[in-house]
Amino acid sequence: QVQLVESGGGLVQPGGSLRLSCAASGSRFSIYTMGWYRQAPGKQRELVATITSGGTTNYANSVKGRFTISRDDAKRTVSLQMNSLKPEDTAVYYCNADSFRLGLNKWGQGTQVTVSS
């Protein structure tokens with residue numbers, strides 16, 4: 001039903017910033033909980049941040065104060081502003097849409113973020 005496409009990844013130096021975007025198809029975007037997850041080589045996929053339909057946010061402790069998740073329901077997008085990036089942030093970042101009431105859980109294709117000097 002919903003398709004997710006991430007963009008904005010790339011190479012950035014430690015301390016730098018990147019903004020990731022996720023574009024979603026469909027008309028039910030406003031009721032989804034949206035999230036960003038990441039997976040580094042050889043590691044488990046982990047939660048980075050989520051935002052509910054009501055705007056409640058949740059962040060991994062490792063990114064609190066540095067990353068900000070936001071959503072634009074009119075544009076059907078969710079963004080992740082990443083500041084003060086660290087090498088430990090290097091990973092493939094995935095967009096996620098979830099709706100318990102609809103039984104929906106979808107993932108984007110991922111976008112690579114590399115933090116290196």
Side-chain angles (χ1 to χ4, degrees):
Q1 183 182 22
V2 62
Q3 306 295 136
L4 305 173
V5 180
E6 301 98 330
S7 62
L11 175 65
V12 64
Q13 294 188 164
S17 297
L18 280 176
R19 185 175 179 86
L20 306 183
S21 294
C22 173
S25 66
S27 61
R28 307 288 297 230
F29 179 84
S30 63
I31 72 170
Y32 304 150
T33 292
M34 300 299 299
W36 287 97
Y37 295 73
R38 67 188 182 187
Q39 186 166 24
K43 303 187 74 175
Q44 293 285 100
R45 182 171 58 193
E46 65 177 355
L47 180 148
V48 177
T50 61
I51 183 166
T52 69
S53 61
T56 300
T57 58
N58 179 47
Y59 296 93
N61 288 334
S62 59
V63 308
K64 284 181 180 177
R66 299 189 297 121
F67 291 10
T68 303
I69 189 171
S70 61
R71 67 190 296 156
D72 186 332
D73 289 348
K75 292 183 176 180
R76 295 189 236 108
T77 60
V78 61
S79 298
L80 185 69
Q81 178 65 46
M82 305 185 294
N83 299 325
S84 302
L85 283 160
K86 305 174 181 179
E88 307 93 271
D89 296 318
T90 296
V92 177
Y93 284 69
Y94 297 92
C95 182
N96 174 262
D98 185 82
S99 174
F100 177 79
R101 77 181 85 170
L102 297 178
L104 176 136
N105 188 266
K106 294 284 187 177
W107 296 90
Q109 82 287 350
T111 185
Q112 176 71 231
V113 172
T114 302
V115 184
S116 177
S117 59

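Quick note: residue numbers are just sequence positions, from 1.
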Cut-off 3.5 Å, no hydrogens considered: what does the side-chain donor-acceptor table look like for residues 50-58, sequence neighbours left out?
from: Thr52; atom 1: OG1; to: Gly54; atom 2: N; distance (Å): 3.2
from: Thr52; atom 1: OG1; to: Gly55; atom 2: N; distance (Å): 3.4
from: Thr52; atom 1: OG1; to: Thr56; atom 2: N; distance (Å): 3.1

Distance-only donor-acceptor hits, side chain of residues 15-28, under 3.5 Å, sequence neighbours excluded:
from: Ser17; atom 1: OG; to: Asn83; atom 2: OD1; distance (Å): 2.9
from: Arg19; atom 1: NH1; to: Gln81; atom 2: OE1; distance (Å): 3.3
from: Ser25; atom 1: OG; to: Gln3; atom 2: N; distance (Å): 2.9

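Residues satisfying the side chain to side chain contact (heavy atoms under 4.5 Å, CB included) test with Leu104, not counting sequence neighbours, are Gln1, Val2, Tyr32, Ala97, Ser99, Leu102, Lys106. Residues passing the side-chain hydrogen bond (donor to acceptor under 3.5 Å, both in side chains) test with Gln112 are Thr114, sequence neighbours excluded. Scored by the side-chain hydrogen bond (donor to acceptor under 3.5 Å, both in side chains) test, Arg76 finds no partners at all (sequence neighbours excluded). Scanning for side chain to side chain contact (heavy atoms under 4.5 Å, CB included) contacts around Gln13 gives an empty result, with sequence neighbours left out. Residues satisfying the salt bridge (Lys or Arg N to Asp or Glu O under 4.0 Å) test with Asp98, not counting sequence neighbours, are none. Annotation: side-chain hydrogen bond (donor to acceptor under 3.5 Å, both in side chains) contacts of Gln109 (sequence neighbours excluded): Glu6.
Between Thr68 and Tyr59 the shortest heavy-atom distance is CA-OH, 3.4 Å. The shortest heavy-atom contact between Leu85 and Met82 is CD2-CB, 3.8 Å.
Judged by the 6.0 Å and 45° rule, Arg71 forms a cation-pi pair with Phe29.
From Met34, atom CE reaches atom CD1 of Ile31 across 12.0 Å, with rounding to the nearest 0.5 Å. One finds the CH2 atom of Trp36 at 7.5 Å from the OG atom of Ser79 (value rounded to the nearest 0.5 Å).
Residue pairs meeting the salt bridge (charged side-chain N to carboxylate O under 4.0 Å, His left out) criterion with at least one partner in residues 38-62, sequence neighbours excluded, are Arg38-Glu46, Arg38-Asp89.
Think of Val92 as one node in a network of Ile, Leu, Val, Met, Phe, Trp and Tyr side chains linked at under 4.5 Å; its network also takes in Tyr37, Leu47, Tyr94, Trp107.
Using a 4.5 Å heavy-atom threshold, the side chains of Ser116 and Thr90 count as separate.
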